Amino acid sequence: MNEDNLVGRTYTFEDGNSITVVQIKVRDGNEKYVTYHVSTGPGIPRKLVLSLEEFSNYYGHLFPNQ
């Protein structure tokens, strides 16, 4: 997964829920972390953080390289 193309990208599911990548930061020595928003319905998006490795394992298939 190329993190340079990841920031700002959104994936919208068939039911209207979406995941938007907000930023990628280096923390804890040299590990990269992804901050992303999850929107479900008309509510306020949840802000979540995962390491880049975990994010790639869970959601990498939704954001193929361009």
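What you are looking at is a predicted structure, and each value in this text was computed from that prediction instead of being measured.
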If we only count heavy atoms from C-beta on, is the Val49 to Arg27 side-chain gap below 4.5 Å? yes

* Asked: Can you check whether Phe55 and Tyr33 have ring centres sitting under 6.0 Å from each other?
  -> no

query = Quick one: does Tyr59's side chain get under 4.5 Å of Val34's, heavy atoms only?
reply = no

Do Val7 and Ile24 have side chains that approach each other closer than 4.5 Å (heavy atoms only, starting at C-beta)? yes

Between the OG atom in Ser56 and the CG atom in Leu62, the distance rounded to the nearest 0.5 Å is 11.0 Å

Just wondering, do Ile19 and His37 contact through their side chains at under 4.5 Å, heavy atoms? no

Output for pair (Phe63 CZ, Tyr11 OH), nearest 0.5 Å, gives 9.0 Å

(Q) Less than 4.5 Å apart, side chain to side chain, heavy atoms only: is that true for Lys25 and Thr35? (A) no

Item to complete: Evaluate whether atom OH of Tyr58 has more than 12 neighbouring non-hydrogen atoms of other residues, nucleotides or ligands under 6.0 angstrom away.
Response: no

Separation between CG (Leu6) and CD (Gln23), nearest 0.5 Å, reads 12.0 Å

With no hydrogens and no angle check, just 3.5 Å: does a side-chain donor-acceptor pair link Thr12 and Ser18?
no

- CD/Glu31: more than 12 non-hydrogen atoms of other groups inside 6.0 Å: yes

Discussion item. Are Tyr36 and Thr20 packed together at the side-chain level, in the sense that at least one heavy-atom pair is separated by less than 4.5 angstrom?
Written reply: no

